[in-house]
Amino acid sequence: MRPPTQLFIVPTPIGNLEDITLRALRVLKEVDFILAEDTRTSGNLLKHYGIEKKLVPHHLFNEHKTIENIVDRLRAGAVCALVSDAGTPAISDPGYMLVRACIQAELRVECLPGPTAFIPALVNSGIAADHFVFEGFLPHKKGRHTRLTALATEEKTMIFYESPHRLVKALTQFAEYFGEDRYACVSRELTKMFEENARGSLKELVAHFEQKTVKGEIVIVIAGAPG
Ligand code: SAM
């Protein structure tokens, strides 16, 4: 028999509330408490599925301080789940530090498979998905130039998270560093009513998004440099 799991990492929908697994719902019902990035957002989600469970804040600003206490509770026999506002915890979200601390404390950790924004964006793009690099959010100031320069010769498909008001600036910079003819895809509002997957060269994408006020959540997928 497998030893019991003490920390479950539970992915939650990135928009469409049907995108949650039966196992995720069962685990959320069974654990002793749920660590949540934003207890209000996760509270609404749990309410939607009819789950009543104690939510404990666990976010970027307190995770350093709370990890020891959580590990102590798990060592004493408690079982908990970690959720983020949307998608998979630890993917551009808090999580990895807690996972690492639990592994070091020899507690069993289990990550359930489930929603994350970059996989549907990668697959929708039609760009080679056999090898890719997930870059998450680029640094805003310090380190941005260095990162973009290093990525200019990256031959694998590249995936970035970006906010809507920085989209045009990011696409313009990608065109400067990678060449304006480089093929890319911008996925906006994945799984939601107004999902959009805009495909074309970086130059075409800049022209497309320059014309309007960009809203919603964004993933940018860019073809790698020609080998
Ligand atoms: N943990 C999440 C995951 O597994 O994808 C990512 C969290 S990160 C703080 C939030 C970013 O994910 C957004 O700024 C956007 O880049 C991307 N994202 C989340 N939901 C999305 C959606 N429905 N459509 C497009 N991008 C999304």
Side-chain angles (χ1 to χ4, degrees), residues 7-21 23-24 27-28 34-42 44-46 48 55 57-63 81-100 109-127 129 132-140 144 147-148 151 157-171 173-174 184-199 205 208-209 212-222:
L7 172 66
F8 287 95
I9 308 299
V10 180
T12 53
I14 57 164
N16 188 325
L17 294 178
E18 290 180 4
D19 293 335
I20 191 153
T21 67
R23 182 148 85 109
V27 166
L28 292 174
I34 299 172
L35 297 164
E37 198 186 354
D38 181 331
T39 50
R40 212 169 54 171
T41 306
S42 299
N44 289 336
L45 189 78
L46 294 186
H48 177 85
L55 287 164
H58 181 78
H59 42 69
L60 271 184
F61 309 105
N62 77 351
E63 66 174 338
L82 172 68
V83 297
S84 53
D85 287 355
T88 300
I91 301 298
S92 293
D93 265 335
Y96 103 88
M97 281 202 269
L98 179 62
V99 171
R100 189 180 56 180
V109 180
E110 211 176 326
C111 178
L112 274 55
T116 186
F118 76 88
I119 295 288
L122 172 64
V123 177
N124 281 338
S125 74
I127 301 171
F132 60 87
V133 288
F134 174 70
E135 286 291 316
F137 292 98
L138 275 176
H140 289 166
R144 193 175 175 95
R147 199 74 217 116
L148 285 167
L151 289 172
T157 301
M158 294 170 277
I159 308 172
F160 301 88
Y161 282 172
E162 192 48 280
S163 71
H165 65 277
R166 292 204 184 89
L167 175 65
V168 172
K169 181 185 161 190
L171 291 173
Q173 282 187 324
F174 289 140
C185 176
V186 174
S187 287
R188 201 173 61 79
E189 296 289 78
L190 285 161
T191 77
K192 302 184 198 177
M193 178 135 35
F194 298 107
E195 170 167 339
E196 175 188 13
N197 294 282
R199 304 172 182 92
L205 290 170
H208 175 74
F209 286 104
K212 51 183 181 183
T213 311
V214 184
K215 287 189 187 145
E217 298 191 278
I218 310 272
V219 183
I220 306 170
V221 180
I222 307 181

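Just so you know, ligand 1 is whichever comes first in the structure, and atom 1 is the first atom listed for that ligand. Keep in mind it's a predicted model, so treat the numbers as computed, not measured.
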With a 4.0 Å heavy-atom cut-off (strictly under), which part of [X] contacts ligand 1: side chain, backbone, both or neither?
X    : result
A121 : neither
T116 : both
E189 : backbone
D85  : neither

So, does [X] use its side chain to make a donor-acceptor pair with the main chain of [Y] at under 3.5 Å?
X    : Y    : result
T88  : P115 : yes
E37  : D85  : yes
R144 : P139 : yes
T191 : N16  : yes
E189 : E217 : yes
N62  : P57  : yes
R23  : P113 : no

Nearest non-hydrogen protein atom, [atom]:
atom                    : answer
atom 15 (C) of ligand 1 : I218 O, 3.4 Å
atom 7 (C) of ligand 1  : D93 OD2, 3.2 Å
atom 9 (C) of ligand 1  : S92 O, 3.2 Å
atom 5 (O) of ligand 1  : Y161 OH, 2.6 Å
atom 13 (C) of ligand 1 : E217 OE2, 3.6 Å
atom 22 (C) of ligand 1 : L190 N, 3.6 Å

Go through ligand 1 atom by atom and flag the ones less than 4.0 Å from a non-hydrogen atom of [X].
X    : answer
F137 : 8 (S), 11 (C), 14 (O)
A86  : 1 (N), 2 (C)
T88  : 1 (N), 3 (C), 4 (O)
K192 : 23 (N)
G87  : 3 (C), 4 (O)

Per atom 18 (N) of ligand 1, closest listed option by heavy atom (P120, A117, G216): A117

Contact with ligand 1 for S163, non-hydrogen, under 4.0 angstrom: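 No.
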
Determine, using heavy atoms of V219 and all atoms of ligand 1, whether some pair is separated by less than 4.0 Å. yes

Minimal non-hydrogen separation, [X] against [Y], with atom names:
X    : Y    : result
S187 : N197 : OG-OD1, 2.5 Å
L82  : P94  : CD2-O, 4.2 Å
P89  : V10  : CD-O, 3.7 Å

Angle class for the Y161/F137 ring planes (parallel below 30°, perpendicular above 60°, tilted otherwise)? perpendicular

Checking side-chain contact (heavy atoms from CB on, under 4.5 Å) between S42 and each of L28, L55, L35, which is the one that passes?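 Among the candidates, only L55 passes.
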
Does any N or O atom in I14 lie less than 3.5 angstrom from one in ligand 1, N or O only? yes

